[in-house]
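A, B, ... follow the sequence lines: proteins, then strands. Residue 1 opens every chain. Worth saying up front: this structure is predicted, and the values here are computed from it rather than measured.
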There are 2 protein chains.
Amino acid sequence: MTRVEQRRRTETRILTAARQLFGEQGFDRTTIRAIATRAGSDPGLVMRYFGSKEKLFAQAAAIPADGPIEGSPEQIAEQLIAALTEKLADEPTAALAALRAMFTHPEAAEEVRAAMAAQQQQVAAQLSGDDALVRSGVIGALTLGLVISRHLVRLDGLDASPAELMAVAGPLIEELTTGSTEPGHN
Amino acid sequence: MTRVEQRRRTETRILTAARQLFGEQGFDRTTIRAIATRAGSDPGLVMRYFGSKEKLFAQAAAIPADGPIEGSPEQIAEQLIAALTEKLADEPTAALAALRAMFTHPEAAEEVRAAMAAQQQQVAAQLSGDDALVRSGVIGALTLGLVISRHLVRLDGLDASPAELMAVAGPLIEELTTGSTEPGHN
DNA sequence: TCATTCGGTCTACATGTGTTGACTGAAAGG
DNA sequence: CCTTTCAGTCAACACATGTAGACCGAATGA
């Protein structure tokens, strides 16, 4: 087996193991030794290939960017619902690591905040009413709450199929995007 | 100063410092030494008074139980909205520790899950429709998402006043409790 | 007043962690 | 074929942490 190929395989195994463990236990409770063991490798090698635990985490917990969101409020709602349905699908190991580490690891917190803020700005720009930012924020909060409740907390009713969940949550998002409170305070 | 009084004061200072630090940094990143320092005390004393870091955390991160929730769907909605408004108020240091530790500390996770499940069961029991459990679960998820987004993530639009937030989120809860999807699947 | 309790402080230990560096053997390439 | 490179392994170090125990001085109570 050629050397570059071998190296690539090992790096992949380490990265996969890191993603799993960071996602299962968070940053602090995950040790380099545990990652190496699960990857069938060695702590020293992990360090040599990724530099430090921090750098390894940065690579493992990168959040894949959502596609752009634009159009009329109805189209916005449609895209948000599609995106959320995807996030509720099973085994989203990619963002799980960042999500779990978010509360104890400052960099992960920034990662998540940035990802959420980006989507929120896009949505708010298309909504009318002076509470557009609040409404888009609530959309983000609802999304975050659903993902966390399902995948991290494993809350009782949230283990239903994505379709069933969206049958309940979908109308909420539509209401948040299209149903505008009239301008002017109460 | 009498001895019992002195002891009570010191214990209180330690418990307060513990709540703050656990809430700010989570369980793993909070050290006994840091707690002792913030409390103007000593690590050994913390151990002697609380037994272990685990026991101290258990006392510091106990979640105050919500009052019972019951009545017609309209009354349910009203009570849920009142409870959420309270949770969105500023400085909820009590549950913050448990909330932040939830994702890395198994016991804290159980604590939060139990608290949420309890409320969820009460709500679901009063709702009609065969998706009652899902709807009450989504209520819990929305609540969790809002609290986390506001206090932990500090998401952009969520720094509005509780009143403004509830003007947006309130109708969602009403819809989830009163607006029932008709029995029978789609 | 004198012995005792106990809040408080200090030091030390065992352990687990990230990280480093030396070493080994096989692939690479002239 | 011989030298160089490099993936992989092993042992060790420096450090932080939870925890235990010795010690000191003031409040307590007989």
| task | Find the distance B/Asp28:CG to D/dA16:C1' and express it as a whole number of Å. | result | 13 Å
| Rounded to the nearest Å, what distance is computed from the CZ atom of residue B/Arg8 to the C1' atom of nucleotide C/dC6? | 17 Å
| request: Would you classify B/Phe50 as touching base, sugar-phosphate or nothing, given that sugar-phosphate means primed atoms plus P, OP1 and OP2, and contacts are heavy atoms under 4.0 Å? | output: nothing
| request: Can you tell me the distance, in whole Å, between the CD1 atom of A/Ile14 and the P atom of D/dT9? | output: 10 Å
| field | d(CG, B/Leu56; C1', D/dG18) in whole Å | value | 12 Å
| task | Rounded to the nearest angstrom, tell me the gap between atom NE2 in A/His105 and atom C1' in C/dG18. | result | 13 Å
| field | Which residue lies more 5' along DNA chain D, comparing B/Glu54 with A/Tyr49 via nearest heavy atoms | value | A/Tyr49
| task | Hey, can you tell me if A/Phe103 and B/Phe103 have their rings parallel, tilted or perpendicular (30° and 60° cut-offs)? | result | parallel
| query | Just to confirm, is there a sub-4.0 Å distance from OP1 or OP2 of D/dG8 to any side-chain nitrogen or oxygen of A/Thr10? | reply | yes
| Think B/Arg7 forms a cation-pi with B/Tyr49, using NZ or CZ under 6.0 Å from the six-ring centre and within 45 degrees of its axis? | yes
| query | Rounding to a whole Å, what distance do you find between A/Arg7:CZ and D/dT5:P? | reply | 16 Å
| request: Evaluate the side-chain hydrogen bond (donor to acceptor under 3.5 Å, both in side chains) criterion for residues A/Ser161 and A/Glu164: first the C-alpha distance (whole Å), next the side-chain angles of each, then the deciding distance (0.1 Å), finally the verdict. | output: CA-CA 5 Å; A/Ser161 72; A/Glu164 289 177 276; 3.3 Å; yes
| field | Positions of residues 34-48 of chain B (non-hydrogen atom under 4.0 Å from DNA chain D), listed by number | value | B/Met47
| query | Is it true that B/Asp66 and B/Lys87 have a side-chain N and a carboxylate O under 4.0 angstrom from each other? | reply | yes
| message | Taking side chain to side chain contact (heavy atoms under 4.5 Å, CB included) as the criterion, tell me which of A/Leu80, A/Ile81, A/Leu88 meets it with A/Leu84. | response | A/Leu88
| message | Without decimals, in angstroms, what is the distance between A/Arg29 CZ and C/dG18 P? | response | 13 Å
| message | Heavy atoms only, 4.0 Å cut-off, all strands: where does A/Arg3 land among base, sugar-phosphate and nothing? | response | base
| said: Does a side-chain N or O of B/Thr2 approach OP1 or OP2 of D/dT28 to a distance below 4.0 Å, or not? | reply: yes
| said: From CD of A/Gln6 over to P of D/dT9, roughly how many Å is that when rounded to an integer? | reply: 10 Å
| query | If you take atom types as modelled and just measure distance, does the side chain of A/Arg33 reach the base of C/dG16 with a donor-acceptor pair under 3.5 Å? | reply | no
| So, A/Arg38 and A/Glu24, do they make that salt bridge, N to O below 4.0 Å? | yes
| query | Does B/Phe27 have B/Lys53 sitting over its ring (NZ/CZ under 6.0 Å from centre, angle to axis within 45°)? | reply | yes
